[in-house]
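Worksheet for the structure shown next.
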Amino acid sequence: MSNIEKNKANNAMRYLPLTPQDRSEMLARIGAADIDALFADIPADKRLTSLPDLPRTKSEIEVERMLGRMAAKNIAAGSAPFFVGCGAYKHHIPASVDHLIQRSEFLTSYTPYQPEIAQGTLHYLFEFQTQVALLTGMEVANASMYDGSTACAEAVLMAHRITKRKKAVLAGNLHPHYRETVETLSGMSDHAVLALPPSPQGTEDIAAAIDNETSCVVVQTPDFYGHLHDLKPIAEKAHAAGALLIAVVTEVVSLGLVTPPGAMGADIVVGEGQSIGNALSFGGPYVGLFASRMKYVRQMPGRLVGETVDAEGKRGFVLTLSTREQHIRREKATSNICTNSGLCTLAFSIHLSLLGEAGLRKLARINHANAVKLADALGAVRGVEVLNGTFFNEFTIRVRGDAAEIVEQLGRRDILGGVPASRLDPGRPELRDLIIVASTEVNTDEDRAAYAQALEEVLA
Amino acid sequence: MNRQGRPTQPIEALAIAPDTFTGNRALRIEEALIFEIGRPEVTGVDLDEPAAFTARLGGLERRDIGLPGLSEPEAVRHYVRLSRMNYGIDSGVFPLGSCTMKHNPRLNEKMARLPGFGDVHPLQPQSTVPGALALMAELSRWLCELTGMPAVALSPKAGAHGELCGMMAIKAALAARGEKRSVVLVPESAHGTNPATAALLGYRVESIPARPDGTVDPAEVKKHLSNDVAAIMLTNPNTCGLFERDVVAIADAVHAAGAYFYADGANFNAIVGKVRPGDLGVDAMHINLHKTFSTPHGGGGPGAGPVTLSAALSDFAPLPYVVTDADSVRLVEHAQDGDGKPFGRMCAFHGQAGMFVRAMSYMLAHGSDGMRQASEDAVLNANYVKAGLRDLMSLPFGDGPCMHEVLFDDRWLEGTGVSTLDFAKAMIDEGYHPMTMYFPLVVHGAMLIEPTESESKASLDLFVAALRALTMAAKRGDIARFSGAPYYAPRRRLDETRAARAPVLRWSKPAGQEAAE
């Protein structure tokens, strides 16, 4: 018998420390005849009499082989010229980030409900909150949300609580997934949403849609098609109507170079923090950023860490203002949120500490420079038009033909050339020839040249 | 002269350990904030300045940000020091009831970091990610088989998000029937997220009291049922660590009233391979991948909360969802591309895909036999702890078998002057993470202990011995040991009242420094 077979015969596997002898001794101590005696409350006619119809235990090497085969079927971003963005970006992550977040004491700890033995987590969350407040130009930030889209939906609910109104206006160039997430939650909560139609040229008049019933206007910058927006006129119009401005940032690296929403009158800023410290991971887990003005802090969802002192007067940190939260308030809580994105938050904070102000600004400049170079290269291809006057590291091109088909053909040439707008907004024929293209610090001049060349061939 | 190898001998020490000049205590080193040690001009990432180019920012250039930077050695030291102020599963027993702090296999981490999983974008052409889609389909298959339910919504990002998803599916199903019901029933012992979720969707919450044995009485449920009740949200096993033995009668009554049965699957880890929720009449149940299937808790997230759905609800599953065709798997991202009637979208992209890989790695490693064994060991361990403490601590609902966690109340502390909180803090000094305290709310001074299947018998014997020593100390009036605890943690008890009264939620420059600039 092989060892694995022996293990199977003993009904044992590597993650389970109890031996058959332990089990019988323990049952004796408990006073139970057998293990099923402990499951006696489960209705007998419902209990499973055989194992679920699934494979048996596997060795580490077998699991690696199976999952390795699955992984090998995918084209990794790092293995091809890569220009896909739209709310998730391929950036370089310093090696120390992933090493540090895998420290046992970070990886395997829980929500810091026992602050005396969770100062590590609380300390970095306090630093994270400060970093996010500085980046967004806001007064206060929470300890993170699930991701940018859910942060956005929660921001709308928060605005409703503050203004006691129930109607949100969504800019047409809000990420379509964010729009749908807001629409779903609002629709289910009997709140009104006015979603403006997309404006790939970036010329829509958002302020005109604000009326006296509007609770909040939600504007993304850089927007889904890459355009940058001066939010000040929108903020003024919103405030005059008694509404709040919620700014959405899905590419947080842009805040190293572009005026932050907090300096343009935003009341709440939400964002996706994946770009700093977090891998693409096929869409998650990511880290939602949530910042606001201090006067609204008691209406904020999510965890907050605050500074205090211990019994010896030493500085320490605790979860605070938890009377907003579900475990205290139950049905009267500000939201049902009960987790943040702890480890992703840590990755964000470590990477941003490593970058610092100087590094972030330079990283943002490189991203912008690379996107400018790419826009110039693609704009020179016959049959391609760059729609943007302004952008950060992402812009929209109009191509001759069906954008989804062209992106597919680029993929066959091992170039991941961006996102066809129709992938997220399929119902609009006017978007069928648009591709949203991103270029970050990972792209080389060769990558850009290869893209332009391939696009030329595909369009020929 | 190299004296490093010079042997030392114990000599007569000071009676009381002196305070150190630095505040450090040997391996435990005090650490400042990055804002106090970093500088704006320092960076730990080398980047080349781009060649000159014309910006296209439309005049929206930003000035100062105020972020500190650290070199790589400074950053590594900062975060390593912080990590040492944390207690994790890898540090010791972490018996936090209802939270399932089981071992996090490192194989899961390795698998999630394979470039084909960790470095793929959610919006790449589907033709470039067949393996990632196949993994989602395979995870769905396993979750459906283990729960006995036909469909699963993978995208919810955490348990509470899964609750929201399940309750939205119920609301959509009612709407499809042309009904708008306004009440959700929630037992008193439920997690706070249950009533918060129901309220978020505009439901009025009616609380169902527990009967004296800690479970829900179907007769009490029937009293509250009407054609205005949308659903019951029932945790099973419940938060008292007990299996709701009348669950089938409850499900039948709920269905007879035209309502749905939402199960909070936080405690699914007790029953995997033993019974299938679908066979008990459950219509929707979220599964915390970070509990039952070992994805790391990470200091409070990220979680992952897929929701399994019954035939009555499966059509309403949110976007996106995977469909397995003859020879491939595709992702349906829009209602018109599939056969379902999705109620909407929970979040951007496809959910916590990195957690799907970890959970799949756990499931493959255990297999059906290993998962059933894990449930049995979790239940065995909890009952073993109960057997070791039942003569000293008080059990609120009698001495019958518990599931994966054992609940004590504080009657045994009466008259000692020690509270549940004090007792928990004294456990810290003994090297243990405290159990869940003051939850569930149905029990006074609750102490909820969940050892999980990851503890060996030897480890549980030490744990029980430590708790027995503490209980006896409390009973003999050794109060200072408790009231001042913890004494040996990186921090003594923290002033939470002060933190809430005048909140300091971010670092700011000290006043003098501000003026100097």
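Computed from a prediction, not measured in an experiment: that's the story for all the values here. So you know, we letter chains A, B, ... as the sequences are listed, proteins then strands, and number each from 1.
- Ion pairing between A:Arg365 and B:Glu49 holds under the 4.0 Å rule for side-chain N and carboxylate O.
- Ranked by non-hydrogen atom pairs under 4.5 Å with chain B, the options A:Thr111, A:Thr121, A:Leu107, A:Leu228 are led by A:Leu107.
- Between chain B and the residues A:Ala37, A:Ala279, A:Ala118, the most heavy-atom pairs under 4.5 angstrom are made by A:Ala118.
- Atom NZ of residue A:Lys58 and atom CG of residue B:Leu107 lie 13.0 Å apart, to the nearest 0.5 angstrom.
- Side chains of B:Tyr79 and A:Ser353: a donor-acceptor N/O pair is present below 3.5 angstrom, by distance only.
- Ranked by heavy-atom pairs under 4.5 Å with chain B, the first of A:Val318, A:Val309, A:Val419, A:Leu321 is A:Val309.
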Check the pair A:Glu116, B:Arg492 against side-chain contact (heavy atoms from CB on, under 4.5 Å), reporting the backbone distance first and the verdict last.
-> CA-CA 6 Å; A:Glu116 299 89 351; B:Arg492 301 286 301 280; over 6 Å; no
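- Residues satisfying the salt bridge (Lys or Arg N to Asp or Glu O under 4.0 Å) test with A:Glu180, not counting sequence neighbours, are B:Arg345.
- Annotation: A:Lys373, atom NZ; neighbour count of heavy atoms from other residues, nucleotides and ligands within 6.0 Å is above 12.
- With rounding to the nearest 0.5 angstrom, the CE atom of A:Met66 is 10.5 Å from the OG atom of B:Ser361.
- Between A:Tyr15 and B:His103, the ring planes lie tilted relative to each other; the angle falls in the 30° to 60° range.
- In this structure, the salt bridge (Lys or Arg N to Asp or Glu O under 4.0 Å) partners of A:Lys314, at least two apart in sequence or on a different chain, are A:Glu312.
- Note on B:Pro486, B:Gly303, B:Ala51: by heavy-atom pairs under 4.5 Å with chain A, the leading option is B:Pro486.
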